[in-house]
Undergrad: 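Encoded as C-alpha cells, here's the structure I'll be asking about.
Ligands are counted one by one from 1 in listed order, and the atoms in each one are counted from 1 as well.
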Amino acid sequence: MTSELEFFPKALPVTNLTFTHPAISQKQPQSLLLSYILSAKLSTGSVLLTGLLFYIPALVLYRLWFSPLARFPGPKLAAATGWYETYYEIVKKGGGQFTFQIKELHERYGPIVRISPWELHIHDSEYYDSLYTSSLGLDKSPHIQHRFGTPSASFSTPENDLHKIRRNAVLPFFSKRRIHEQAAMIQKNVDLICYRFKTEYAGTDNVVRMNDMLSSYGTDVIMTYAFNRSRKFLSEPGFSSKFARAIQGLKDFVHIAQQFPLVGSLSRHVPQWLLAFVGSDLEAIVRFETEISSHVQQVLEKRASQCNEDQKGTIFVEILNANLPAAEKSFARLKDEGIGIVGAAIETTKLANMVIIFHILHNPQILSCLQTELEEVIPDPESPPPLSALEKAPYLAACIQEGLRLAYGTTARSQRISRHRPLQYKNWIIPQNAMVGMDAYHMHHDETVFPNSTSFKPDRWLGNPKGPDGVKSLNRYMVAFSRGTRMCAGSNLALAQMTLLLAALFRNFDMELYETTRRDVDIYRDMVGLEAAPGSKGVRLRVKGCRT
Ligand code: HEM
C-alpha cells in the first residue's frame, strides 16, 4: 500500500498509516501533477518547483480537513506536519521535549489530542488498561521500529502476531522461578559491590559514581544471565563500564534514529575506525553491538560444533531450541534480540535504582524507616536471607515501587495501532490504522491518582492502597513496566536486582550524597528514558561507614 502523500524528506512512519477518504483520493494530487507536467514539458527544476507548489498545499489541506483524524482536537500545525514533533524531539532544548509539550496540549485541548498528522495521544489514567491490553491484538507502531537500530528484536517488532512468536520464545527465560534460581548469581555481584564499598570507599573521601556502578551491575548481571559471560565491569577501577557510554550514545541518538530511520541504519555502516577518529558516541554503540554480535556468533558456532555445554540455559540456546521458523534463528535476528535485551536491561534498572537511592538518602525519615525494617529482616548482614524473604519486606517494596514511578521505565509513548477495527475512547471513535499512545510520564504524574506526584512517598504504597475510585488497586496506575502484550519481559529480573542491591546497601552502609541534588534525578529530557539536566554527573555518594 502506498503511504500518505509525503513531501518532507523526513521518513514517513509507515506504509499502513494511510487514511483514504472518499472526498479526496490519495492519488489525486499526484495524477493532477503528472498531467500538468506532461502537457507543459517543463524542465526538471521547474517541474519540482511546480510540483511542490501543488503538493504541499494539497497535503496540508488533506491533513487538516479530510483526514479521518481531522475532527480530533489539537494544534493545526501538529496536524499539518510531522516537523512539529521533530522540532520538539530534536531541536528544542537539545531535544526530548515532545512529551512535555503533549502535557501542555492536554491542558489546552482535553484528554485526547491529535499530536501529529498520524497520531493521537490520550491522557486518562482509566484508559491505559484498555489500550495496553492483551485482548485486542494491537500492533506496536512501526514508527518506533528503528529507534534502537534493532528492527527484528521482539521489543521493536510491530506486528502483533510475529511479536507473539518472538516473545513466547524468551518469556520462559524470565519467569519468576528462573529468576529465583539465578538469585545466587545476582547476590554474588551484590557481594562484590559490598566488598569494594567496605575496602575502598568506607570512611574515605572516595566518591562512588552511581551511574558507573549501576551500569556495571546491570551489565554484569544481564551478560551472565543471557550469555553466561560476565564482563566483570564491577571489578574495574571506579566501577567504570565500557557499555555505559554506548547506552548513553544510543539514548542520545534515539530521536534522530526515530525521526530519520535512514540516518539510523546508515550510521551502522560507517567504518568503526572512522567513528573512532571523529570521536563519535556512535563508535561506542558500534563497539557494543559488535561485542554482542560476537557472543551470538559464538553461540551459533558452538551449537554447530555441538560443544555448547557451557551455554546451557542461556537465552540464545533457549531460542535456538524453541519451535520457531528458521528465519527466527538467523544470526541477524538473534543479534537484534541480544542487543535489544541487553540494552533494555541495563539503563532502565540503573535509572530506577539511582532515583531510589537518591530519594532515600535525601529523606532522613525514609532512610530511618528503611534501615529499621532491614535490621529486622537481615539480623546478620554477613548472611543475608534469600530473595523470597527480602521481597516480603513491605517498606523496601514500597520504596522500589515509588522509585519505579519516578523513574518511569520508558518515558516516551509507545504507540499502538488497531489494524482491523476502530477503537473507542469515550465518545470518540479512533479510526483503524491510526497511531494512538499513552505514556508513563502522564500516568505517574496524574495528581488525581498520585497526589503530590513529584514527591517520593513510599507510604502511598503501604497497606494495599486503592486508586481514586477507592476500589481499584493503586498498582493498576503504576505502569513503569507497561501492560498487556508488550509488558516488560524482564520485570522479575529487574525487581530481583533492585531488591538484592538496595537491601544490601542500606543494611550494610551509612552513605551520604555527594554534590547531588534533585536536578540529577528529575527528568529534563525524554530520551525514551529519563534524562537529567545537562551537565549532571548522576548520583554520587560517599560511604561514611559500615553498619553492623
Ligand atoms: C526497572 C527496570 C525496567 C523497567 C522499568 C522496564 C520497562 C520496560 C517497558 C516499559 C517495556 C515496554 C516498552 C514498550 O512498550 O515499548 C519493556 C519491555 C521490555 N523489557 Fe524491560 N524494563 C526494565 C528492566 C528490564 C530487564 C532487566 C530486562 C531483561 C532482559 C528487560 C527486558 C525487556 C524486554 C525483552 C522488553 C520487550 C518486551 C516485548 O516487547 O515483548 N527489561 N521494559
Undergrad: I want to confirm something. Looking only at heavy atoms, which of Cys488, Gly403, Ala352 is nearest to atom 11 (C) of ligand 1?
TA: Cys488
Undergrad: At what distance is the nearest protein heavy atom to atom 4 (C) of ligand 1, and which residue and atom is it?
TA: Phe481 CE2, 3.4 Å
Undergrad: Contact between Gln497 and Tyr217 at the side-chain level, heavy atoms closer than 4.5 Å - yes or no?
TA: yes
Undergrad: Return yes or no for this condition: an N or O of Thr349 is under 3.5 Å from an N or O of ligand 1.
TA: no
Undergrad: Of all the atoms in ligand 1, which lie at a distance below 4.0 Å from a heavy atom belonging to Ala344?
TA: 24 (C), 25 (C), 32 (C), 33 (C), 42 (N)
Undergrad: Establish, from distance only, whether the side-chain atoms of Gln145 and Gln258 form a donor-acceptor pair under 3.5 Å.
TA: no
Undergrad: Between Ala489 and ligand 1, which residue portion shows a heavy-atom distance shorter than 4.0 Å: side chain, backbone, both, or neither?
TA: both
Undergrad: Ignoring angles and geometry beyond distance, decide whether Arg167 reaches within less than 3.5 Å of ligand 1 through its nitrogen or oxygen atoms.
TA: yes
Undergrad: Just checking, any donor-acceptor pair under 3.5 angstrom between side chains of Thr499 and Glu391?
TA: no
Undergrad: So is there a nitrogen or oxygen of Lys140 less than 3.5 Å from a nitrogen or oxygen in ligand 1?
TA: yes
Undergrad: Identify the protein heavy atom lying closest to atom 13 (C) of ligand 1, giving its residue, its atom name and the separation to 0.1 Å.
TA: Phe155 CE1, 3.7 Å
Undergrad: Of all the atoms in ligand 1, which lie at a distance below 4.0 Å from a heavy atom belonging to His163?
TA: 39 (C), 40 (O), 41 (O)
Undergrad: Taking heavy atoms and a distance under 4.0 Å, where does Phe174 meet ligand 1: side chain, backbone, both or neither?
TA: side chain
Undergrad: Can you report which non-hydrogen protein atom sits closest to atom 12 (C) of ligand 1, along with the distance?
TA: Arg486 O, 3.5 Å
Undergrad: Would you say Thr485 has any N or O atom under 3.5 Å from an N or O of ligand 1, going by distance alone?
TA: no
Undergrad: Is it true that Glu89 and Arg525 make a salt bridge, defined as a side-chain N closer than 4.0 Å to a carboxylate O?
TA: no
Undergrad: So is Arg166 touching ligand 1 or not, going by heavy atoms under 4.0 Å?
TA: no
Undergrad: For atom 24 (C) of ligand 1, find the nearest protein heavy atom and state the residue, atom name and distance (0.1 Å precision).
TA: Thr348 OG1, 3.3 Å
Undergrad: Name the one of His444, His442, His445 that satisfies side chain to side chain donor-acceptor pair (under 3.5 Å) with Tyr408?
TA: His445
Undergrad: Counting only heavy atoms, which portion of Ile222 has something under 4.0 Å from ligand 1: side chain, backbone, both, or neither?
TA: side chain
Undergrad: Check each atom of ligand 1 against the heavy atoms of Thr410 and keep those under 4.0 Å away; list them by number with element.
TA: 10 (C)
Undergrad: Might you confirm whether atom NZ of Lys457 has over 12 heavy atoms from other residues, nucleotides or ligands at distances under 6.0 Å?
TA: yes
Undergrad: Decide if the gap between the ring center of Phe456 and the ring center of Phe358 is smaller than 6.0 angstrom.
TA: no
Undergrad: Any chance CG of Asn323 has more than 12 other-residue heavy atoms, nucleotides or ligands included, within less than 6.0 Å?
TA: no
Undergrad: Counting heavy atoms only, name the option from Ala345, Ala226, Gly409 that's nearest to atom 29 (C) of ligand 1.
TA: Ala345
Undergrad: Quick test: of every protein heavy atom, which one is nearest to atom 7 (C) of ligand 1, and how far off is it to 0.1 Å?
TA: Ala480 O, 3.3 Å
Undergrad: Are the charged groups of Lys335 and Glu289 less than 4.0 angstrom apart, N to O?
TA: no
Undergrad: Which of these, Val479, Leu404, Ile341, has its nearest heavy atom closest to atom 30 (C) of ligand 1?
TA: Ile341
Undergrad: Parallel under 30°, tilted from 30 to 60°, perpendicular over 60°: which one fits the rings of His362 and His359?
TA: perpendicular
Undergrad: Is it the case that atom NZ in Lys472 sees more than 12 heavy atoms from other parts of the structure closer than 6.0 Å?
TA: yes
Undergrad: Among all protein heavy atoms in this structure, tell me which lies nearest to atom 15 (O) of ligand 1, with the distance rounded to 0.1 Å.
TA: Ser414 OG, 3.2 Å
Undergrad: Do Arg460 and Glu402 meet the salt-bridge criterion of a basic N to acidic O distance under 4.0 Å?
TA: yes
Undergrad: With a 4.0 Å cut-off, would you call Arg413 and Glu119 a salt bridge?
TA: yes
Undergrad: Hey, is Arg416 one of the residues with a heavy atom under 4.0 angstrom from ligand 1?
TA: yes
Undergrad: Among all protein heavy atoms, pick out the one at the shortest distance from atom 28 (C) of ligand 1; state its residue, atom name and that distance to 0.1 Å.
TA: Gly490 CA, 3.5 Å
